[in-house]
Amino acid sequence: MLDIQLLRRDAAQVAERLGARGFTFDTTRFEALEAERKTIQTRTQDAQARRNALSKQIGMLKGKGEDTTAVMAEVAGLGDELKALETRLGALQGELDGFLLGVPNLPHESVAPGKDETGNVEVSRWGTPRSFDFPVRDHVDLGEGLAQLDFAAAVKITGSRFVVMKGGLARLHRALVQFMLDVHTREHGYTEVYVPYMVNAESLRGTGQLPKFEEDLFRVPRTDADRLYLIPTAEVPVTNLVRDEIVPLDALPLKFVAHTPCFRSEAGSYGRDTRGMIRQHQFDKVELVQMVKPEESYDALEALTAHAETILQKLELPYRKVLLCTGDMGFSSAKTYDLEVWLPAQNTYREISSCSNFEAFQARRMQARFRNAQGKPELLHTLNGSGLAVGRTLVAILENYQNADGSVTVPEALQPWMAGCSCLRRE
RNA sequence: GGAAGCGUGGCCGAGUGGUUUAAGGCAGUGCUCUUGAAAAGCACCGAGGGCUGAUACCCCUCCGUGAGUUCGAAUCUCACCGCUUCCGCCA
């Protein structure tokens with residue numbers, strides 16, 4: 001959510017900056033709502049003050065045993081008026097809230113303007129894509145060739161966009177999780193957390209998935225009133241740890257890492273990446289989350305992105321780092337770097353991590369604050385990034401480490417978690 | 001799933017319809033005293049919003065959440081949520 005003070009001061013400038021990310025901010029509607037809110041709120045509060053004063057007077061008179069009929073008559077007409085005003089104010093504030101919850105974050109000044117992913121800017125490349133002296137296979141052929149990846153089984157037991165892994169490949173998947181968690185906790189100072197895989201609507205509103213993107217989520221119906229949702233990313237439960245909290249200054253920065261499955265409906269991506277593990281309804285991810293002081297959040301974004309890069313470097317997977325342009329960023333983000341790993345079979349780089357600074361956008365929705373040096377509550381800045389998407393990392397390893405005979409070499413960095421297995425072969 | 005009880009500020013805890021502007025204590029902050037510390041004393045000490053040039057004053061809202069009764073609700077009514085204890089079931 002944007003700072004309403006900023007909108008009141010200069011809605012036109014905000015509208016212009018939002019225009020850069022392809023969002024049309026309805027200045028007229030906002031200003032009309034605000035003007036009415038101001039009038040009604042003033043009138044409501046005046047009426048409340050009058051009622052409070054008169055009621056207090058009745059109490060005092062009764063205490064002294066005096067007659068109250070005159071004051072009672074005066075306050076009599078106030079009840080209906082007040083009720084009408086309060087109802088109207090509530091409706092207006094609800095409307096204004098709904099309006100503001102649908103407005104995306106402002107892009108940071110360092111973000112290049114652009115319409116879509118073609119406007120993104122490559123920042124750096126690491127590693128050199130390997131050249132193969134045999135025909136390159138994709139991860140589906142490799143995994144099925146090893147008899148360790150089974151899409152047909154997943155279709156049978158669940159449906160499309162799920163997968164079953166077996167044997168060494170399943171173990172490699174688990175090894176990746178352990179490896180990533182160990183690197184981030186031991187070398188990067190993150191605290192490991194285990195969190196629920198289902199969350200309530202308030203948590204999703206806090207990080208920005210609701211109310212706008214409900215169709216991307218899997219809903220778990222209970223009663224109508226309190227439905228739960230499967231998490232689309234650990235960002236949701238982990239960031240919401242600080243919702244409605246005031247964190248002491250000396251506890252900052254907070255750095256959490258969590259491994260969870262993620263569930264996405266992929267509505268609107270029919271036909272995209274239908275083959276293989278690239279786009280699944282269920283995938284595992286190791287997520288990095290930070291809550292920091294505002295003045296430190298852009299340094300924190302660089303550091304967090306570097307933490308994710310470390311994983312790719314240790315696995316010796318070639319990748320590039322891309323700064324998303326204004327038109328390609330997520331709803332809540334002020335600045336986002338994507339890390340894209342090299343996939344030989346697709347002969348291209350594919351997203352494997354997305355690292356974002358949300359500034360105070362999520363914190364304002366969550367009322368997530370810290371006590372500043374002056375002792376006053378102040379909104380935190382929140383960040384997160386994948387460190388990394390486990391399924392896609394597995395894909396990258398299969399394709400980059402494949403051998404001519406269809407076997408796959410296990411990257412050296414993972415071998416401590418592989419119980420002596422250094423190569424995946426058909427058993 | 002059944003039964004009973006309980007949700008008040010960072011924490012403990014008083015308050016069962018009106019001088020409550022939520023008592024008192026603990027913790028915290030500042031000051032006095034002191035060579036220093038401790039102790040003692042004094043003062044300050046919740047959050048959100050409105051208004052405003054203002055982090056000043058003033059006003060509104062908040063006692064788990066939401067509705068209701070009333071001129072007036074922490075207090076009464078209803079629903080929901082959560083916690084505790086007992087029983088049942090269970091990894």
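In what follows, every chain begins at residue 1, and chains take the letters A, B, ... in the order their sequences are listed.
On the C1' atoms, B/A43 is 15 Å away from B/C33, given to the nearest whole Å. B/C42 sits 46 Å from B/C78 when the P atoms are compared, rounded to a whole Å. B/C81 and B/U65 have their C1' atoms separated by 7 Å, with the value rounded to a whole Å. Distance check on atom C1': B/A67 versus B/U85 gives 30 Å, rounded to whole Å. Straight-line distance between the P atoms of B/C26 and B/U16: roughly 24 Å, to the nearest whole Å. As rounded to the nearest Å, B/A22 and B/A40 have C1' atoms that lie 29 Å from one another. Going from the C1' atom of B/A3 to that of B/A14 covers 30 Å, rounded to whole Å. Separating the P atom of B/G30 from that of B/A39 is a span of 15 Å, rounded to the nearest Å.
Position along RNA chain B of the nearest nucleotide to A/R8 versus A/K56 favours A/K56 as the more 5'-ward residue. Place A/Q41 and A/K376 on RNA chain B by their nearest nucleotides, and A/Q41 ends up nearer the 5' end.
Among the heavy atoms of the strands, none lies under 4.0 Å from A/R50. Note on A/I58: a base of the nucleic acid sits closer than 4.0 angstrom, heavy atoms only. Among the protein residues, A/N52 comes within range of the sugar-phosphate backbone only, with heavy atoms under 4.0 Å from sugar or phosphate atoms but none that close to a base. Using a 4.0 Å heavy-atom criterion, one finds that A/Q5 contacts the sugar-phosphate atoms exclusively. Across all strands, A/Q367 comes closer than 4.0 Å only to sugar-phosphate atoms, never to a base (heavy-atom distances). Across all strands, A/R43 comes closer than 4.0 Å to no nucleic acid atom at all (heavy-atom distances).
What separates CG of A/D250 from P of B/G10 is a distance of 17 Å, to the nearest Å. Between A/Q45 atom CD and B/C62 atom C1' the separation is 13 Å, expressed in whole Å. One atom, CD of A/Q374, and another, C1' of B/U29, lie 14 Å apart when rounded to the nearest Å. Note: CG (A/L54) to C1' (B/G18) measures 14 Å, nearest angstrom. Note: CZ (A/R9) to P (B/U52) measures 14 Å, nearest angstrom. Distance A/I246 CD1 to B/C45 P: 16 Å, rounded to the nearest Å. Atom CD of A/E245 and atom C1' of B/G46 are 14 Å apart (whole Å). In this structure, A/E86 atom CD and B/G50 atom C1' are separated by 15 Å, rounded to whole Å.
Minimum atom distance to the side chain of A/A49 is reached by B/C60, of the listed B/C60, B/C71, B/G50. For A/R371, whose side chain is taken as the heavy atoms from C-beta onward, the closest listed nucleotide among B/G50, B/U21, B/A47 is B/A47. Residue A/V75 places its side chain closer to B/C71 than to any other of B/A47, B/G50, B/C71. Here the side chain of A/R369 is nearest to one of B/A47, B/U61, B/C71, namely B/A47. Looking at the side chain of A/Q48, the nearest of the listed nucleotides B/U61, B/U69, B/G72 is B/U61.
Contact annotation: the side chain of A/T233 never approaches that of A/T207 to less than 4.5 Å [non-hydrogen atoms, C-beta and beyond]. The closest side-chain heavy-atom distance from A/H381 to A/K293 is not below 4.5 Å.
Partner of A/V163 under the side chain to side chain contact (heavy atoms under 4.5 Å, CB included) criterion, chosen from A/Q282, A/H281, A/Q280: A/Q280.
Between the side chain of A/S353 and the backbone N or O of A/L339, no donor-acceptor pair lies under 3.5 Å.
Checking the phosphate oxygens (OP1, OP2) of B/G50, no side-chain nitrogen or oxygen of A/K38 falls inside 4.0 Å. For B/U69, one of the phosphate oxygens OP1 or OP2 lies less than 4.0 angstrom from a side-chain nitrogen or oxygen of A/K83. When the side-chain nitrogen and oxygen atoms of A/R51 are compared with OP1 and OP2 of B/G18, none of them lie within a distance under 4.0 Å. Taking 4.0 angstrom as the limit, A/K62 places none of its side-chain polar atoms (N or O) nearer than this to OP1 or OP2 of B/U19.
Across the strands present, B/G72 finds no partner; the criterion is a Watson-Crick or G-U wobble pair with both atom distances under 3.5 angstrom. Across every strand in view, B/U61 sits in a pair with B/A47 that passes the Watson-Crick or G-U test at under 3.5 angstrom. B/U77: Watson-Crick or G-U partner is B/A67, with both key distances under 3.5 Å. Both distances falling under 3.5 Å, in either a Watson-Crick or a G-U wobble arrangement, place B/U84 opposite B/A4. Look at B/C90: it lacks any Watson-Crick or wobble partner with both distances under 3.5 angstrom. Summarising the base pairing, B/C11 is matched to B/G25 through a Watson-Crick or G-U wobble pair whose two defining distances lie under 3.5 Å.
The aromatic rings of A/H188 and A/H307 sit parallel to each other, their planes meeting at less than 30°, with 60° as the upper class boundary. A tilted orientation is assigned to the rings of A/F30 and A/F25, their planes being inclined by 30° to 60°.
For A/F361 and A/F331, the ring centers are positioned less than 6.0 Å apart.
Counting heavy-atom neighbours within 6.0 Å of A/D116 CG, excluding the residue itself, gives a total above 12.
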